Amino acid sequence: MVAKCQVISLCRSLLRAGRKYPDYNIREYTKQRTLDGFRMNGNLTDQSKVNEVYAEGKEQLEVVERVLKVYLAYPPKTKNIMELNVQ
Amino acid sequence: MASLSTSSLSFKAPSIQSTRTSQVLRKPLSFKPISFGCFQSSKNLRLQISCAAKPETVQKVSDIVREQLALSADTALTAESKFSALGADSLDTVEIVMALEEKFNISVEEADAQNITTIQEAADLIEDLAQKKPAA
């Protein structure tokens, strides 16, 4: 039985984890993907389906955190052009 | 409250005292009922928080909310506007809180984040956190 606050909490953790990436592309991707994923499944009524996608979300959170460690070991040397402020 | 001018205090207070107008920090003398002893700037700021969050903060929060929810320029955003009234669901609220965290460089706790429902609350929380950070 997954409660709404747990879902919101999972969303927040995913967003927070995604923010830590040094790579601009991955940061933006994780943010957009989590929001899309949660919105797509936002209207589910069947509790077993909700549990299913919640479990998927949890797995993805683990993946994000694990991969983050790898990426932190090799940060990009130059800033991505999208991150430079428009002058 | 926080804007007592030294001229109104006709005590033996030397009139040389802070003629520079820092609208936030006026050194209140010990006649005030809240007597903390020596006043430091952080205590004065706390006085101000109990009144309201700074208008610039509220304005910045409103801008972020407007951007996140893609509101048109003519929707009126007051400090008391509830996010749900503006058409935000809980995910939108999460996004807004994240955007605020990034913008103000603060970290909002889980419990605090659940309780934010209006712009005013968000601004107050931000000020609270921004205050605690340098004090830490």
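In what follows, chains are A, B, ... by sequence order, proteins preceding strands, each numbered from 1. Worth saying up front: this structure is predicted, and the values here are computed from it rather than measured.
Looking at heavy atoms from C-beta onward, B:E102 lies in side-chain contact with A:R19 at the 4.5 angstrom threshold. Put simply, the side chain of A:R16 reaches to within 4.5 Å of the side chain of B:M98, judged on heavy atoms. Contact annotation: the side chain of B:V108 never approaches that of A:R12 to less than 4.5 Å [non-hydrogen atoms, C-beta and beyond].
Residue B:Q114 holds its CD atom at 6.0 Å from SG of A:C5, rounded to the nearest 0.5 Å.
Closest approach of B:V94 and A:I8 over heavy atoms only: CG2-CG2, 3.4 Å.
A:F38 and A:V63 fall within the same hydrophobic cluster, defined by Ile, Leu, Val, Met, Phe, Trp and Tyr side-chain heavy atoms under 4.5 Å apart, directly or through other members. Both A:L44 and A:Y54 belong to a single network of hydrophobic side chains, linked directly or stepwise wherever heavy atoms of I, L, V, M, F, W or Y lie under 4.5 Å apart. Linking Ile, Leu, Val, Met, Phe, Trp and Tyr whenever their side-chain heavy atoms come within less than 4.5 Å puts B:F83 and B:I64 in one cluster. Grouping the Ile, Leu, Val, Met, Phe, Trp and Tyr side chains by contacts below 4.5 angstrom, directly or via other members, places B:I119 with B:I106.
More than 12 heavy atoms of other shown residues, nucleotides or ligands fall within 6.0 angstrom of atom CD in A:Q47.
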